[in-house]
Amino acid sequence: MTVAATAFRAVIWDIDGTVAETERDGHRVAFNLAFEAAGLRWRWDVPQYGELLRVAGGLERLLHDMDSRSDAPPSGPERDALARDLHRSKNTFYADRVAQGLIEARPGVLRLMNECDEAGIRLAVATTTSGANVQALLTSLIGNNWRERFDAVVAAEEAPRKKPDPMVYRMALDALQLKPAEAFAIEDSPAGLQAARAAGIACGVTPGAFFQHADFEGAAWVRDSLDAPPPMTLPLLRRWHSASIEAS
Ligand code: XBP
Ligand code: MG
């Protein structure tokens, strides 16, 4: 196949931080509500959560934080059990907040999804969070029929090796039955970018609130949002896709 013949067929979306500011306004707040509900005095402020985001996965992040807390259960099994309870409770608070409409889509996200849909460019999700959290968020942002618009949704249950591991992106490509060069990923974090690139997929980045000054070397583009001038329209995304294929 020649370079020019590589068609652009799908956009694979990260969820947390890319589709909405779910880390700062969703998961972080929900973790704090879970701590409070469990009678714990633990709270994660925004800068601390930014540090903790180096650990992918909410449960893994919590276990990492518990390592440095003197009031966390000392034994491994007890600590694990508490972390799992808190993580479950966090997800319930998260779903409640999302269902209340407290989390909005980032600028341009729904517009670009609609443009892709109308032009027959397939949509997929590749995320480190759970399928239930994706369901909660996309139901709130898109509607009850959101799943019909996505040809593949790969979440933590299917891809336990979390970003920057490319597993989730490779599984999304498998589900779409596409080659890496036929897709384009949109991410908000260095780990997400690394995961997409390691799967051989070109990736553009709209940095999330916690990654404003991060290093995004290897990204096709980095922009404040999909609506930042010039807006990331489908024709522009097609050009970036072609340029990425030619450069690879
Ligand atoms: C998202 C994550 C997730 C969320 C919380 O990363 O790391 O862990 O923070 O969700 P990405 P869970 O956007 O790169 O996919 O609590 O369900 O893990
Ligand atoms: Mg993300």
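First listed ligand is number 1; within each ligand, the first listed atom is number 1. Here, residue 1 is the first one in the sequence, and each next residue gets the next number. This is a predicted model, so every value here is computed, not measured. For the numbers below, each heavy atom of this structure counts, side chains included, while hydrogens, waters and symmetry mates do not.
- For Ile15, the closest heavy-atom approach to ligand 1 does not fall below 4.0 Å.
- Between Arg238 and Ile121, some side-chain heavy-atom pair lies under the 4.5 Å cut-off.
- The shell of residues lying under 4.0 angstrom from ligand 1, judged by heavy atoms, excludes Glu60.
- Between the side chain of Glu115 and the main chain of Leu234, a donor-acceptor pair closer than 3.5 Å is present.
- Contacts between Asp16 and ligand 1, counted as non-hydrogen atom pairs separated by less than 4.0 Å, involve both the backbone and the side chain.
- In terms of N/O distances under 3.5 Å, ligand 1 is approached by Thr128.
- Remark: Arg149 is not positioned above the aromatic ring of Trp146, lacking an NZ or CZ atom under 6.0 angstrom from the ring centre and at most 45 degrees off the axis.
- Closest heavy-atom approach to atom 14 (O) of ligand 1 within the set Arg88, His27, Lys163: this belongs to Lys163.
- In this structure, Gly57 has a heavy atom closer than 4.0 Å to ligand 1.
- Ligand 1 has no N or O atom lying under 3.5 Å from any N or O atom of Asn91, backbone or side chain.
- In terms of N/O distances under 3.5 Å, ligand 1 is approached by Gly58.
- Between Arg41 and Glu36 there is no salt bridge, since no side-chain N of the basic residue sits under 4.0 Å from a carboxylate O of the acidic one.
- Arg197 places a side-chain N or O within donor-acceptor distance of the main-chain N or O of Gly218, the cut-off being under 3.5 Å.
- Among protein heavy atoms, the minimum distance from atom 13 (O) of ligand 1 is reached at Asp14 OD1, 2.9 Å.
- Within the model, atoms OG1 of Thr206 and CZ of Arg106 stand 4.0 Å from one another, a figure rounded to the nearest 0.5 Å.
- The two residues Leu176 and Ala10 make their nearest non-hydrogen contact at CD1-CB, 4.0 Å.
- The closest approach between a heavy atom of Gly192 and any atom of ligand 1 is not below 4.0 Å.
- Between O of Asp16 and OD1 of Asp188, the angle at the Mg ion (ligand 2) works out to 90°, rounded to 10 degrees.
- In this structure, atom 7 (O) of ligand 1 lies nearest to the protein heavy atom Arg61 NH2, 2.9 Å.
- The Mg ion (ligand 2) sits nearest to atom OD2 when only the N, O or S atoms of Asp14 are considered.
- At a 4.0 Å heavy-atom cut-off, ligand 1 touches Asn133 through the side chain alone.
- Panel note: side chain Glu23, backbone Asp16; no donor-acceptor pair is recorded below 3.5 Å.
- Considering only non-hydrogen protein atoms, atom 17 (O) of ligand 1 sits nearest to Thr129 OG1, 2.7 Å.
- The ring-ring contact (aromatic ring centres under 6.0 Å, His included) with His27 is formed by just one residue from the set Tyr94, Trp44, Phe93, Tyr49; it is Tyr94.
- Taking distance alone, with nitrogen or oxygen atoms compared against 3.5 Å, Glu187 stays at or beyond that limit from ligand 1.
- We find that Asp45 and Arg28 are not joined by a salt bridge, their nearest charged nitrogen and carboxylate oxygen being 4.0 Å or further apart.
- The N/O atoms of His87, backbone and side chain alike, include one that comes under 3.5 Å of an N/O atom in ligand 1.
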